[in-house]
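Just dropping this structure here.
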There are 2 protein chains.
Amino acid sequence: MGTTTESPRQRYRAQVQEEIKQHAWEQIATAGASALSLNAIAKQMGMSGPALYRYFANRDELITALIRDAYQSLADTIRSAAAGGADLRGLAQAMRVWALEDPQRYLLIYGTPVPGYQAPDDTRQLANDVMTKLLEAAGGDGLGALPASALGEHLAASDAGWATAYPAEPERLHRAVVFWTRLHGVLSLELAGHFDGMGFDPARVYAAEVEAVAGH
Amino acid sequence: MGTTTESPRQRYRAQVQEEIKQHAWEQIATAGASALSLNAIAKQMGMSGPALYRYFANRDELITALIRDAYQSLADTIRSAAAGGADLRGLAQAMRVWALEDPQRYLLIYGTPVPGYQAPDDTRQLANDVMTKLLEAAGGDGLGALPASALGEHLAASDAGWATAYPAEPERLHRAVVFWTRLHGVLSLELAGHFDGMGFDPARVYAAEVEAVAGH
DNA sequence: TCGCATCAGTGATAGCCTCTAACTGTCGCC
DNA sequence: GGCGACAGTTAGAGGCTATCACTGATGCGA
């Protein structure tokens with residue numbers, strides 16, 4: 001593959017960066033992204049604080065790298081589910097498993113953003129990749145008709161690049177958007193613990209929403 | 001009303017607490033909840049850092065107070081909309097306006113939680129109040145039938161206190177939950193900026209989801 | 001193979017933060 | 001009018017991000 005020959009130093013650098021991210025994920029999983037501390041990571045790795053700045057210019061850059069990896073992981077999950085022949089329902093299932101596997105990873109992407117933070121372009125690209133895969137699945141066989149609505153037309157009319165592959169299929173666009181927003185609605189509330197103590201099974205709510213989008 | 005006679009000191013204390021929260025909201029609106037600094041607030045108010053600890057034992061307690069106020073404000077918004085004769089659609093509109101008015105206030109309640117943070121009981125009560133108001137509106141006139149689904153039965157069967165007023169109305173429970181999760185899905189993605197650059201109008205998506213829940 | 005440039009990692013430091021402790025001065029209640 | 005309660009102060013411990021000047025190892029080209 002296109003692995004441009006790596007110098008030992010580059011290889012080591014990449015390795016350490018990977019290890020840093022590993023520790024960062026552990027911290028995030030237990031204390032949330034806002035509690036992520038470069039200092040603490042450095043100590044865990046047995047080196048002094050400022051050493052980390054050789055690998056990530058600042059805290060934001062590390063978080064950005066984590067966001068990138070999260071998107072990548074989600075895209076991979078969706079891709080492999082689709083490659084395994086999963087339809088829209090299977091895809092929804094795969095996404096839920098992925099989210100529950102590491103709630104903070106999901107929330108890093110789809111959770112509360114820092115007002116100032118601007119995602120770099122390639123991150124937007126990764127988000128778009130995910131959307132494209134949803135669009136592909138949103139046109140599969142075995143899907144019921146969606147109730148009539150003007151939304152599909154609106155989406156088709158105002159397409160700004162996120163659906164260039166299917167510009168003329170309002171129902172597909174509608175289904176993809178609704179798939180995204182509804183599943184995110186259930187998932188994010190579940191992950192944030194807002195269903196705790198309400199006594200019902202979030203999986204059932206999720207499943208019902210999947211059916212509502214996929215049709216009977 | 002039951003205003004137990006206030007001493008001047010209590011009055012002053014309450015006033016300062018209110019002023020602190022005011023500054024806190026301004027900070028949160030511009031930099032997010034994770035960037036909230038007691039120190040900075042104190043300086044803005046012309047006093048030294050530790051003085052604030054007379055009013056809030058720690059950072060978490062201040063944030064909890066803000067969360068309480070946010071719930072209260074949302075509950076008031078919903079109540080006054082309902083009192084004004086708004087149906088489920090009107091309620092959805094009022095909620096959207098409330099959310100857009102101050103995105104970080106919405107996200108403080110429904111956004112990414114801090115893993116360690118445990119909401120105090122009265123906060124859970126406030127969340128329940130909101131849910132109860134949704135349940136009331138979810139049984140109004142002029143609502144279409146929801147597609148058949150086992151979710152309503154599940155919700156009715158596993159009721160654990162959040163819907164004691166309407167235990168035997170599966171469709172109402174179903175509608176309330178779906179109202180909540182779907183609108184949150186659209187709203188939270190919009191507020192987090194995930195629709196940016198996609199070229200469609202979030203209000204249209206929101207409206208379509210409202211119609212899908214309220215029926216034609 | 002040798003020499004040197006590059007780069008990993010260091011301690012010191014500035015400046016921010018939360019939160020505690022000890023102290024002072026003022027306010028209001030009895 | 002006096003005293004107790006309480007607001008607000010400074011000092012400081014301990015954490016954080018981030019910069020700087022430095023040391024020492026490493027790997028590359030000559």
Side-chain angles (χ1 to χ4, degrees), chain A residues 3-28 30-67 108 114-118, chain B residues 3-28 30-67 108 114-118:
Chain A
T3 326
T4 47
T5 24
E6 281 181 7
S7 72
R9 270 190 171 149
Q10 281 174 322
R11 187 202 302 270
Y12 176 77
R13 197 178 164 74
Q15 233 168 22
V16 176
Q17 267 174 341
E18 218 50 48
E19 198 183 337
I20 291 170
K21 289 195 285 186
Q22 198 63 33
H23 285 275
W25 280 120
E26 284 162 24
Q27 260 190 39
I28 285 182
T30 67
S34 59
L36 191 150
S37 152
L38 297 198
N39 228 323
I41 292 173
K43 272 181 196 161
Q44 271 177 24
M45 293 178 62
M47 56 182 177
S48 243
L52 278 206
Y53 289 80
R54 292 271 168 213
Y55 301 93
F56 295 94
N58 51 49
R59 200 170 165 278
D60 266 25
E61 205 175 90
L62 171 56
I63 289 181
T64 298
L66 297 176
I67 290 174
L108 195 62
V114 176
Y117 182 79
Q118 253 303 345
Chain B
T3 325
T4 49
T5 24
E6 280 182 9
S7 71
R9 271 194 170 145
Q10 282 174 323
R11 187 203 301 271
Y12 176 77
R13 197 180 165 72
Q15 232 170 23
V16 175
Q17 267 174 342
E18 218 49 48
E19 197 183 338
I20 291 170
K21 290 196 285 187
Q22 198 63 32
H23 285 276
W25 279 120
E26 284 164 23
Q27 259 190 40
I28 285 181
T30 66
S34 60
L36 190 150
S37 153
L38 298 197
N39 226 322
I41 292 174
K43 272 181 196 163
Q44 271 177 25
M45 292 178 62
M47 56 184 176
S48 243
L52 278 206
Y53 288 80
R54 290 271 169 214
Y55 301 94
F56 295 94
N58 52 47
R59 199 171 166 278
D60 266 25
E61 204 175 271
L62 171 55
I63 290 181
T64 298
L66 296 176
I67 290 175
L108 194 62
V114 176
Y117 181 80
Q118 254 304 346

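Proteins come first, then strands; the chains are lettered A, B, ... in the order of their sequence lines, and each starts at number 1.
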- Message: Any base atoms under 4.0 Å from B:Arg13, or only sugar-phosphate, or nothing? Heavy atoms, all strands.
- Response: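 Result for B:Arg13 = sugar-phosphate.
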
- Message: Need one value for A:Phe56: base, sugar-phosphate or nothing, where a base atom within 4.0 Å counts as base even if backbone is also close, heavy atoms only.
- Response: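 If one applies the 4.0 Å heavy-atom cut-off, A:Phe56 turns out to touch nothing in the nucleic acid.
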
- May I have the distance from B:Gln17 (atom CD) to D:dC6 (atom P), rounded to whole angstrom?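 After rounding, the gap between these two atoms is 13 Å.
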
- Task: Indicate yes or no for a side-chain donor-acceptor contact from B:Arg13 to the backbone of B:Arg54 under 3.5 Å, with no hydrogens or angles considered.
- Result: yes

- Task: Measure the distance from OH on A:Tyr12 to C1' on D:dC28 and round it to the nearest whole Å.
- Result: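 Distance check: A:Tyr12 OH to D:dC28 C1' gives 19 Å.
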
- Mind listing the closest non-hydrogen atom pair of A:Ala42 and A:Gly49 along with its distance? CB-CA, 3.8 Å

Using a cutoff of under 3.5 Å, can you pull out all pairs of nitrogen or oxygen atoms linking the protein to nucleotides 16-19 of chain C, with atom names and distances?
unit_1: C:dC17; atom_1: OP1; unit_2: B:Ser37; atom_2: OG; d: 3.3
unit_1: C:dT18; atom_1: OP1; unit_2: B:Leu38; atom_2: N; d: 2.7
unit_1: C:dT18; atom_1: OP2; unit_2: B:Asn39; atom_2: N; d: 3.0
unit_1: C:dC19; atom_1: OP2; unit_2: B:Tyr53; atom_2: OH; d: 3.2
unit_1: C:dC19; atom_1: OP2; unit_2: B:Arg59; atom_2: N; d: 2.8

- Item | Gap between atom CE of B:Met45 and atom NE2 of B:His23 - 0.5 Å precision |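 Result: 5.5 Å between the selected atoms.
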
- Whole angstrom value for the distance that separates P of C:dT6 from CZ of A:Arg54: 13 Å

- Message: Please report the distance, rounded to the nearest Å, between CD in B:Gln15 and P in D:dA7.
- Response: 13 Å

- Heavy-atom closest pair (B:Leu36 atom, B:Ala24 atom, distance to 0.1 Å) is CD1-CB, 3.9 Å

- Query: Rounded to the nearest Å, what distance is computed from the CG atom of residue A:Leu52 to the P atom of nucleotide D:dC16?
  - Reply: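 Checked: the CG to P distance equals 12 Å.
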
- Student check: side-chain heavy atoms of A:Thr64 and A:Tyr117 closer than 4.5 Å: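 Yes. Closest side-chain heavy atoms under 4.5 Å.
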
- Look at all strands and tell whether A:Ser48 reaches a base, only sugar-phosphate, or nothing, counting heavy atoms closer than 4.0 Å. sugar-phosphate

- Query: Does the side chain of A:Val114 come within less than 4.5 Å of A:Asp60's, by heavy atoms?
  - Reply: no

- Query: Separation of B:Arg9 atom CZ from C:dG25 atom C1', in whole Å?
  - Reply: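 From B:Arg9 CZ to C:dG25 C1': 11 Å.
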
- Query: To the nearest angstrom, how far is B:Arg11 atom CZ from C:dC29 atom P?
  - Reply: 11 Å

